[in-house]
Amino acid sequence: MQACKLSLFDQFYLVLQKLRVGTLNQVLADNFNISQTTVSRVFISWINFLYFMLGSICIWPSRAKIEKHMPTCFKSLYPDCRGIIDASEIKVQAPSSLVSNSEMYSSYKTHTTYKGNVVISPSGEIIHISSLFDGSISDKELVKQSGLLSLLQPGDQIMADKGFVIQDLLTPVGCSVVMPSFLSCKQQFYKGELLRSKTFHNLRVHFERAIRRVKEFHFFDSVIPLTMAGSINQIWTVSCLITNFQGPLFYE
């Protein structure tokens, strides 16, 4: 098999270069003196291996561990916060089927996408990664199917943005959601609401930084071809998990 021409180190380096730098298969094939077919085979084999190895590590921390590493600003304002949740979308090639195209079309991105939930701890680590679903799925349905609810304990608090109207999902498990204030029919926020929303967004910005770390993997810069559909869950999960090895995110 042609992949045997490469040492394990070179194979791993090839995978990281494709993930992190977004190097094209043709360029990798030329650099490593192998065929594009071998590049694809090495990449998928390693992604499946990393998915199995890293996926076997439990990343959902205990409440005691959350409290131990919780930054002071969270302790004073949201001491029961177990995690910060949001959805992330990856642009994917539009399928030829009109039905599939409709299911995958995201009105938010105005493009066909895959969509998944990510939860980070108050200290900034990614602690939950859902599978990817068709882009038309709602945030609420995404939470239901993500497996998050089974991980929560009574008394836990989840921080979420305005689109996550999920209190009815959390109430049966004894949890609550913290969200910024809605303007709704009011002309303006009260001073207390404005300060609370400002504080909320200052804390929640760490989620954006965590996701930015993942999106800095330039593999996701371009539209994902449908030929990668069978492996995109593994690629996304591995990319998210690798960011946890990049050091602390939260600095007070």
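The structure presented is a predicted model; accordingly, all values stated were derived computationally and were not measured.
L16 is connected to W46 through a chain of hydrophobic side-chain contacts under 4.5 Å among Ile, Leu, Val, Met, Phe, Trp and Tyr, so both are in one cluster. The cluster map of Ile, Leu, Val, Met, Phe, Trp and Tyr, joined by side-chain heavy atoms under 4.5 Å apart, puts F9 and V21 in different clusters. Under a hydrophobic clustering in which Ile, Leu, Val, Met, Phe, Trp and Tyr are joined whenever their side-chain heavy atoms come within less than 4.5 Å, directly or via other members, V42 and M53 fall into the same cluster. Cluster annotation: V173 and V119 are assigned to distinct hydrophobic clusters (Ile/Leu/Val/Met/Phe/Trp/Tyr, side-chain heavy-atom contacts under 4.5 Å, transitive). Both F52 and L54 are part of a single hydrophobic cluster, where members link through side-chain heavy atoms under 4.5 Å apart.
The shortest non-hydrogen separation linking S76 to C73 is OG-O, 3.2 Å. Nearest heavy atom pair, residue V238 against residue I47, reads CG2-O, 3.9 Å. Closest heavy-atom contact between I126 and C240: CD1-O, 3.6 Å. Looking at every heavy atom in both residues, F219 comes nearest to K18 through CB-O, 3.7 Å. Across P95 and L226, no two heavy atoms sit closer than the pair CA-CD1, 3.6 Å. The two residues C81 and I66 have their closest heavy-atom pair at O-CG2, 3.7 Å.
Contacts of Q167 classified as side chain to side chain donor-acceptor pair (under 3.5 Å), with partners at least two apart in sequence or in another chain: T171. The side chain to side chain donor-acceptor pair (under 3.5 Å) search around D139 returns K115, not counting sequence neighbours. Residues passing the side chain to side chain donor-acceptor pair (under 3.5 Å) test with S239, sequence neighbours excluded: none. Every side chain to side chain contact (heavy atoms under 4.5 Å, CB included) that P225 has, sequence neighbours left out, goes to Q93, T227, M228.
Residues N25 and F43 are not in side-chain contact: their nearest non-hydrogen atoms beyond the backbone lie 4.5 Å or more apart. Side-chain contact between I127 and L151: absent, with no pair of heavy atoms (C-beta onward) separated by less than 4.5 Å. No side-chain heavy atom of E125 sits less than 4.5 Å from a side-chain heavy atom of I59. The side-chain heavy atoms of D134 and T112, taken from C-beta on, include no pair separated by under 4.5 Å. Residues Y78 and P122 form no side-chain contact, since every pair of their non-hydrogen atoms from C-beta on lies 4.5 Å or further apart. Side-chain contact between F32 and V39 is absent, with no heavy-atom pair separated by less than 4.5 Å. Counting only heavy atoms from C-beta outward, the side chains of S102 and S136 never approach each other to under 4.5 Å. By the 4.5 Å heavy-atom criterion applied to side chains, F164 and N117 are counted as neighbours.
From D80, atom CG reaches atom CZ of F74 across 12.5 Å, with rounding to the nearest 0.5 Å. Separation of atoms CZ (R82) and CG (L152) is listed at 7.0 Å; rounding is to 0.5 Å. Note that OH of Y114 is 12.5 Å distant from CZ of F220, once rounded to the nearest 0.5 Å. If you take OG1 on T237 and CD1 on I232, they are separated by 9.5 Å, rounding to the nearest 0.5 Å. If you take CG on D30 and OG on S35, they are separated by 11.0 Å, rounding to the nearest 0.5 Å. With rounding to the nearest 0.5 Å, the separation of CD1 in I224 from NZ in K91 is 11.5 Å.
No more than 12 heavy atoms of other residues, nucleotides or ligands lie within 6.0 Å of CG in L98, so this atom counts as exposed by the packing criterion. In this structure, K215 places its NZ atom where more than 12 heavy-atom neighbours from other residues, nucleotides or ligands lie under 6.0 Å away. Within a 6.0 Å radius of OH in Y13, no more than 12 heavy atoms belonging to other residues, nucleotides or ligands are found. The number of heavy-atom neighbours closer than 6.0 Å to NZ of K65, taken from other residues, nucleotides and ligands shown, is 12 or below.
Under a 4.0 Å N-O distance rule, the pair E216/R213 does not qualify as a salt bridge. Taking a cutoff of 4.0 Å between a charged side-chain nitrogen and a carboxylate oxygen, K140 and D168 qualify as a salt bridge.
The other residues sharing a hydrophobic cluster with I137 are F133, L142, where clustering joins ILVMFWY side chains under 4.5 Å apart. Connectivity analysis of hydrophobic side chains (ILVMFWY, heavy atoms under 4.5 Å, direct or indirect) links V99 to nothing; its cluster partners are none.
Formation of a donor-acceptor pair under 3.5 Å by the Q11 side chain with backbone atoms of L6 is found in this model. The backbone N or O of G116 sits nowhere less than 3.5 Å from a side-chain atom of S130 that would complete a donor-acceptor pair. The backbone N or O of A94 sits nowhere less than 3.5 Å from a side-chain atom of N101 that would complete a donor-acceptor pair.
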**OP:** Apply side-chain contact (heavy atoms from CB on, under 4.5 Å) to the pair V214 and I242, showing each step before the final yes or no.
**Re:** CA-CA 9 Å; V214 182; I242 287 176; over 6 Å; no
**OP:** Starting from the C-alpha separation in whole Å, work towards a yes-or-no answer on side-chain contact (heavy atoms from CB on, under 4.5 Å) for I158 and C175.
**Re:** CA-CA 8 Å; I158 292 295; C175 301; 5.8 Å; no
Subject >> N233 and Y51: CA distance, side-chain angles, deciding distance, side-chain contact (heavy atoms from CB on, under 4.5 Å) verdict >> reply: CA-CA 9 Å; N233 261 311; Y51 179 77; 5.6 Å; no
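Classification of the W60-H128 ring pair by plane angle, with boundaries at 30° and 60°, yields perpendicular.
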